[in-house]
Every structure is written in structure tokens, then in C-alpha cells.
Amino acid sequence: MASVRVRFAPSPTGVLHIGSVRTALFNWLFARHNGGKFLLRIEDTDKLRSTDENTKSIFEILRWLNIDWDEEPVIQSHNIERHKEIAHNLVENGLAYYCYCKPEELAAKKEEALKAGKSYKYDGKCRDLTKPVPGINPVIRLKAENDGKTKINDMVQGEVTVDNAQLDDLVLLRSDGTPTYMLSVVVDDHDMGVTHVIRGDDHLTNTFRQIQIYKACGWDIPQFGHIPLIYGPDGAKLSKRHGASSAEDYRKLGYLPEAISNYLLRLGWSHGDDEIISRAQAIEWFSFDNVGKSPSRFDMNKLQNLNAHYLKERSDESLMQCILPLYKPGLDDIQKARVMKGIKSLKTRAKTIIDLANDAKIYVNAPETYTEDCSKYATSSHLEWIREVRKTIDGLDALREQEICEKVKNCAEQHKVKLVEVAQAMRAALCGKLISPSVFEIVEILGKQETLKRIDAFIAHFDER
RNA sequence: GUCUCCUUCGUCUAGAGGUCUAGGACACCGCCCUUUCACGGCGACAACAUGGGUUCAAAUCCCGUAGGAGACGCCA
């Protein structure tokens, strides 16, 4: 295969959709697998809706996802003159023509056709016009082929054939002189030397129109790969309506980039029974032979499961960096040290970065309130046992999880109660809730002073009642 | 409406005519582990849209039907 060049061409009219991320990922993997180039093109020709912030956030998200690009990103709006030139050349060569039909006129014809149950297609009224119509700014239309069929061999969809009669004379240049998407994509892809166009399958039918442009220009037609779109749980196109739909949304929800990549990769692509796939393996294994043709639904549960997996694989240090910015006033050194020690076991139970940050709060501050169910473990008996534990801990030189556990077990035995009674009372006192990692570990991490302080507060709180 | 594409457990999928009593993963349910909740381990439930062919044999090939999606812009 000649050296592969692919491109990801988002338009900065909004934040990056999770489906676009998958398109970017597939392009990237294909390039890396084949030792080719992955290029970026910002399609900002819709000046009204495109913003610099969106462009920046696209770069940012791609970097976050570890999808790096080769060469300078191409800004499509910079190529407008080139696009115009191509359109005018086509007119000179008799392959395109000026069309003076009014939009209202066309809309009426379209409505009529639809009513009659026919597919609408521009009738080519201006095709053979020789003289300009005064007072009207014309558009430029391509003289599309009417006869025969156009066939593509799509890397995903396989052989797809369309009758050329279905295709109409698409607009290349608008009446204000600006190029349309159809023209711009083809020209830019050609100029960038793109060998494989990998995009969402909503572009499949556009491809046949674009091929007409390639042919008119006499250019080589690239290979195409149209990957199925991602749908929401209800089977409709994934959108804001389904909740989180942009990559940024998922980042905010506390998902790790490696989990998102792994999830997106497995959505519509597979490698036998493999589920957990590293970047290196993905690059090695990726091929369009394994990309499915049918659309798939987005499943939060699976993403979450993958995220939990990658959370466990991350180092404590890197997770610390992830959660640190989430604390409002910031943490002092003591708090940081405690959280750092706690992450090791905290990360095995969290599903997201947000979960982790929340769970770690037990190491940040003493409980301000106690959950409703804590009172079950605050009877006079419980308080008595807790006092005893407090005394024991006070007498200890160094707090070791194992030793504390033994001491508390002894205490429970002496009072002929189950360990859970004492442990839960301690948990309530230390965390203000009944769900947490091992209380003994918590005691060790909090240290004597903080542990005693929290136990005292607990006793004071429930004794007063 | 027209054109194009799609259809295996609830979801993501394995499956390239016999190895399918259809495999894995997530979710759900149950059990074990256990100081709580998780993690982890074990197990259960659960699918070839439908009707016809072709064939000794079909989830796999062909045709029809139904359902779904996308495209049909002087948007990208």
C-alpha cells in the first residue's frame, strides 16, 4: 500500500461529539497501524457557527485522548480561493455551469416532486444556457453524469452501487461566490494527498456526488471507509437529549481517556473475545475487516465498567493529579498525604474520578453530619464500646491497621457482640456514613489525633440527645 | 416518497456451510469471600427478525417480507 494519509475533519460549530471521537480514533489507528499520517482539517467554512473556542477545545480533547496528529492542521477557510478557482476551471472546461434558478423556484419544484411521490432532483434547466441572466448572481453547478452507475468498494460497507441517474447537478459555488462543503472536501482531500477517507456513514450517499467532482477534476479517487453511527440507548442518533454526548461531557463526568478509547474502539469493532485492549494492541490489531456494518447503541454501563478497570490500573500519583483540582478550597499537606495513602484502596471501588474524589473526602475533613442510618450504631452500648476503642487507640504508639483490627476484635469478643457492631460504630464516627473502605485502614491513615477527635465528636453528638 | 445501508442474548459482540446443545463481555439475579459498601471468585438467566429456497447439512449462501437507520440543502 502506498503511504497512507488519512484525515479527521471536524467542523468547529460545536464541541466534539463522542461519535466524532470514534471517527478520529479509527482514522488514527488506521494511520498508525499502516505507518501512515494522520492529518487534521478544521472545516470552518460555516463562519456563522464556527468559533475559535470550539477549535481550541477540539485540539484539547484530541490531546487529552492521546490522539496526536501529523503536520500542521489545515484550516479550510484558508483554501477558499483555491476552491473557487477549481469551480471556475470546471466551468471553463465545460464540466460545470452557471445556474440562475431562484431558490424559491427550486423549493416549489421540490415540494411538487415530493407530493407526486418522486425523488427530487435538480432538472438541469440551466445546463445549456449560453447567455447570462442579468440581475441574478448565479451559482455554479457540476454537470453530473446521468448515465451509468457509480460503484465504490467501501472498506466497511463493501461494494455499493448507485445509479448515476439518482445524482443531480450539485452546487459547487453559492450565489455569493463561496464554495460548498461538497467542493471544499474534495479539493482539500486531494490537495492534502488523502488516500483513505474514513468518516461516518451518514456521508455514504454524499460519496457518490463527490466522486463526480473527482472525476470532473481528473483526480485519483481515494479509498472510502464509512463507519456506522453511534445511537443512543433508544436507537435514535446519539444526541444531547440522551444526556452526555460530547467527549467533554464524559471528561467532566470523570471518565478516563483510556477507558473512552477502549470503549469506543470496541463499539463496532472487535478482535475475537478481547475486551481490554491497550493502545499498542489496538494499533497492532486494528483493521477495517473487523469493523461491523450495523450501528451500535451507546451503553453507559459498559463504559463505566471499563472506566473502573482503568481506574485500578492507574497509579495513585496520577489519580491524585486527577482529583486534586476537584476540591474547592484545595488541600493542605496533611489532607493531601492522607488522601494519597487512601487512594490505593479507594480506587478499587470507584467507577469514575468523581466517585473517587467524593469517596476520598473522608480523609479531607471530619464528618459535618451523620447519615440517618448512623444512629443505629449510636446506642448507649455502641458508645460504650467506642469509648473503649478510643482508649485502646490512645494507648497505642503506632497505629497499624492489622493491630487495630485485632484490638477491636478483642473488644467485640469481650462484650460478646459481633465485630460488625463495633466496626460500624467506628465507621459512623470516622466517616459520618456507613459505607467506606476498611475502618482500620482509615484509623491508620487518619492518625491518632484525628481519629480520637472524630470519635469524641461522635460521642458528644449522640450523648446529648 | 425515492435511493443506499443494516438486522445473533436487554446492550456491545464472536461466528466466513458441518467444530453451535450458538462463545465472550457489560447489565440483571444468586452464591462465596467479608467489619459496611465495593473489589475479586463461582454460577444462573438470556439471542440467530420473519417466510421461502439452495444443500446430505445453514446463524452462515440466494430471494421475498417486516422492522430500523442514513441520505435526498446555495449545512457541514
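Every chain is numbered from 1, with letters handed out A, B, ... down the list of sequences. Everything numeric here is computed off the predicted structure, so don't read it as measured data.
- One donor-acceptor pair, N or O on each side, does fall under 3.5 Å between the base of C12(B) and the side chain of Lys302(A).
- Between Phe458(A) and Tyr370(A), the ring planes are perpendicular. Angles over 60° get that label, and only those under 30° would be called parallel.
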Checklist entry - Asp188(A) and His83(A): side chain to side chain donor-acceptor pair (under 3.5 Å), yes or no, with the steps? => result CA-CA 8 Å; Asp188(A) 285 346; His83(A) 302 161; 2.8 Å; yes

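- In this structure, Glu275(A) reaches the bases: a heavy-atom distance under 4.0 Å links it to at least one base atom across the strands shown.
- Each of Thr178(A) and Leu419(A) has a nearest nucleotide on RNA chain B; the 5'-most of these lies closest to Leu419(A).
- For Asp46(A), taking side-chain heavy atoms from C-beta onward, the closest of the listed nucleotides A76(B), G73(B), G24(B) is A76(B).
- Of all nucleotides listed (U13(B), U11(B), C26(B)), U13(B) comes nearest to the side chain of Ser296(A).
- With a glycosidic angle further than 90° from 0, C56(B) counts as anti.
- Closest to the Lys312(A) side chain, of the nucleotides G73(B), G40(B), U35(B), is G40(B).
- Between Lys341(A) and Asp316(A) there is no salt bridge, since no side-chain nitrogen of the basic residue lies less than 4.0 Å from a carboxylate oxygen of the acidic one.
- Looking at Asp201(A), its side chain has no donor and acceptor atom pair within 3.5 Å of the base of G70(B).
- Within residues 133-141 of chain A, the residues that have a heavy atom under 4.0 Å from RNA chain B are, in order of number, Val139(A).
- Nucleotide C29(B) is matched to G43(B) when pairs are restricted to Watson-Crick or G-U wobble geometry with both distances under 3.5 angstrom.
- Judged by atom type and distance alone, Thr180(A) does not reach the base of C74(B) through any side-chain donor-acceptor pair under 3.5 Å.
- In this structure, of A71(B), C6(B), U2(B), it is A71(B) that holds the atom nearest to the side chain of Arg209(A).
- If you check distances only, the side chain of Arg427(A) does reach the base of U35(B) with a donor-acceptor pair under 3.5 Å.
- Between Asp201(A) and Lys293(A) there is no salt bridge, since no side-chain N of the basic residue sits under 4.0 Å from a carboxylate O of the acidic one.
- To the nearest 0.5 Å, atom CD1 of residue Ile445(A) and atom CG of residue Leu430(A) are 11.5 Å apart.
- Pair assignment for C61(B): G53(B), on the basis of Watson-Crick or G-U wobble contacts that are both within less than 3.5 Å.
- Checking G70(B), U4(B), C26(B) against every side-chain atom of Asn305(A), the shortest atom distance belongs to C26(B).
- Electrostatic pairing of Lys409(A) and Glu413(A) does not count as a salt bridge here, judged by no charged N lying under 4.0 Å from a carboxylate O.
- The separation of G51(B) from C39(B), taken at their P atoms, amounts to 42 Å, rounded to a whole angstrom.
- Judged by atom type and distance alone, Ser438(A) reaches the base of U35(B) through a side-chain donor-acceptor pair under 3.5 Å.
- Using a 4.0 Å heavy-atom cutoff across all strands shown, Lys433(A) reaches no nucleic acid atom at all.
- A perpendicular orientation is assigned to the rings of Phe288(A) and Phe286(A), their planes being inclined by more than 60° (bins at 30° and 60°).
- Comparing U11(B), C5(B), A71(B) against the side chain of Asp299(A) picks out U11(B) as the nearest.
- Across all strands, Ser436(A) comes closer than 4.0 Å to base atoms (heavy-atom distances).
- Under a 4.0 Å N-O distance rule, the pair Glu384(A)/Arg387(A) does not qualify as a salt bridge.
- Among the heavy atoms of the strands, none lies under 4.0 Å from Lys102(A).
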